[in-house]
Protein chains: 2
Amino acid sequence: MMSEISRNGATGGGQPGRIGIGLELDEIHMKILEVLRENGRISVAALAERVGISRANAYTRFEALRADGAIKRFTAEIDHVRTGLGITALIFVTVRQQMWKQFRAELARMPEVEYCAITTGQHDAMIQVRVSDVAAVHTMVTDRLANIPAVKATETVFILDEVLKRPYVLPSDRDQAARAQRRPTPETQGDVPLGKMRFVGAAEGRAALRKDT
Amino acid sequence: MMSEISRNGATGGGQPGRIGIGLELDEIHMKILEVLRENGRISVAALAERVGISRANAYTRFEALRADGAIKRFTAEIDHVRTGLGITALIFVTVRQQMWKQFRAELARMPEVEYCAITTGQHDAMIQVRVSDVAAVHTMVTDRLANIPAVKATETVFILDEVLKRPYVLPSDRDQAARAQRRPTPETQGDVPLGKMRFVGAAEGRAALRKDT
DNA sequence: GTTGAAATTAGTACGAA
DNA sequence: TTCGTACTAATTTCAAC
């Protein structure tokens with residue numbers, strides 16, 4: 001039902017961290033992942049053909065990727081609107097320090113939470129919830145989250161539209177985007193003042209896009 | 001590579017909207033989705049057994065769910081750290097009104113973007129990116145996003161840890177959480193001041209959890 | 001909506017390159 | 001390692017109930 005997933009170690013960049021433990025991923029492994037993220041139910045035989053290796057090899061690599069953990073699981077993407085959970089919201093949570101364990105434990109008891117990440121910045125965590133109506137969001141925030149001592153404050157935002165959702169990003173995508181990257185002149189930074197990445201004041205002229213709460 | 005997905009219509013709650021078009025989802029359909037989101041590669045035969053229906057019935061329903069769009073696709077969940085994309089960041093974007101089309105078009109050209117949602121609140125959109133190191137985030141924001149005229153401002157936040165990621169939330173989960181919901185007293189709102197859901201000031205005593213930019 | 005049997009396909013094992 | 005083949009087991013299809 002729930003799953004602990006890899007720590008990022010956002011300081012990263014330097015040490016290889018957990019990378020390299022287990023098998024080395026070559027180009028063919030990446031190709032396999034590429035196919036599998038688009039069609040998780042493809043047969044290994046068809047996979048072998050699309051990647052250009054023998055069936056036996058495909059079975060070996062497929063199993064290796066699974067055993068190594070590079071492939072964590074296979075899943076079905078579901079249309080939430082069709083299943084009656086058409087409302088999606090993001091709740092930014094400020095957590096009392098040293099009460100993280102409790103916060104995590106409570107999260108596990110909330111099935112409407114699809115995703116939770118610990119973030120830098122103004123808040124400590126972001127959770128994404130899927131519910132049937134806007135009232136359920138309010139209930140969730142005021143009744144359930146508010147009852148967790150670890151939660152100091154929240155800020156809720158509704159998702160109006162999910163524009164893009166890629167199955168899973170892979171490094172090989174970068175290569176395909178190489179040409180897309182060649183644009184007028186990289187030096188010309190346009191008219192957008194983005195020197196610092198954080199806390200660029202961004203509250204102006206967006207009176208629209210606001211229909212709730 | 002990219003996929004347009006369902007509009008939420010956050011006003012929701014009232015009209016059934018797109019729900020009901022196509023097939024009615026009964027309890028068994030939900031059970032099927034439940035199994036499939038956890039194990040997208042299970043055989044239909046095994047699925048039938050776990051759900052408690054005949055194989056022929058399972059095939060019929062499986063195909064119906066696929067055709068109807070309730071199941072959008074099957075995908076493999078990949079360990080990003082193992083594939084070399086260990087850094088995850090959220091970029092909140094303020095978009096110039098009436099330049100949304102351009103913004104979306106540019107998004108499609110950025111393979112490092114895994115997710116993009118249009119939100120209410122302080123910003124207009126949130127995008128999630130996966131890259132190999134923190135420098136790549138900076139490059140992405142200053143070189144690529146800054147060059148899009150539609151982008152007025154951005155605010156970047158790093159994800160330090162992904163605590164929870166459910167394959168896909170279903171309404172049936174709510175039922176299982178019914179008992180979890182029974183807690184001391186729902187009226188006792190604890191010590192958290194959460195009357196309004198939005199813009200509860202949340203900048204205090206979180207000096208830690210900050211290692212970047 | 002179910003069961004059971006045929007046809008097809010998937011998964012395994014092993015020797016050769 | 002990877003490939004090709006033969007073998008075994010399982011799945012999917014299609015029929016009748």
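Each chain gets a letter, A, B and so on, in the order its sequence line appears, and its residues count up from 1.
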Novice: I'd like to check A/Glu112 versus A/Arg130 (side-chain heavy atoms, cut-off strictly below 4.5 Å). Are they in contact?
Specialist: no
Novice: So do A/Cys116 and B/Glu162 actually touch side chain to side chain, heavy atoms under 4.5 Å?
Specialist: no
Novice: Sequence neighbours left out, what passes side-chain contact (heavy atoms from CB on, under 4.5 Å) with A/Ala89? Give chain and number order.
Specialist: A/Val129, A/Val137, A/Thr156, A/Phe158
Novice: What's the CD1-P distance between B/Ile53 and C/dT3, to the nearest Å?
Specialist: 11 Å
Novice: Protein within reach of the bases, or only the backbone? For nucleotides 7-17 of chain C, mark each nucleotide 5' to 3' as B, S or -, using heavy atoms under 4.0 Å.
Specialist: ---SBB-----
Novice: Apply ring pair (Phe, Tyr, Trp, His ring centres under 6.0 Å) to A/Phe92 and list each qualifying residue two or more places apart in sequence or on a separate chain.
Specialist: A/His123, B/Phe92
Novice: Tell me, please, the opening and closing nucleotides of DNA chain D, 5' to 3', among those with an atom under 4.0 angstrom from a non-hydrogen atom of chain A.
Specialist: D/dT2 to D/dA6
Novice: Using the C1' atoms of five pairs at each end, what's the angle between the two axes of the helix from C/dG1-D/dC17 to C/dA17-D/dT1, to 10 degrees?
Specialist: 30°
Novice: Would you say the side chain of B/Ile118 lies within less than 4.5 Å of the side chain of B/Asp124, judging by non-hydrogen atoms?
Specialist: no
Novice: I'd like to know if A/Glu106 and A/Arg109 make a salt bridge, using a cut-off of under 4.0 Å between side-chain N and carboxylate O.
Specialist: yes
Novice: Taking all non-hydrogen atoms of both residues into account, name the closest pair between A/Lys72 and B/Ile78 and its distance.
Specialist: CE-O, 3.7 Å
Novice: Side chains of residues 46-59 of chain B: which donor-acceptor partners sit under 3.5 Å, not counting sequence neighbours?
Specialist:
from    : atom 1 : to      : atom 2 : distance (Å)
B/Ser54 : OG     : B/Asn57 : N      : 3.3
B/Asn57 : OD1    : B/Arg61 : NE     : 3.0

Novice: Please give me the minimum heavy-atom distance between A/Asp26 and A/Ile28, naming the atom from each residue.
Specialist: OD1-N, 3.0 Å
Novice: Is any side-chain N of the basic residue among B/Asp79 and A/Arg73 closer than 4.0 Å to the acidic one's carboxylate O?
Specialist: no
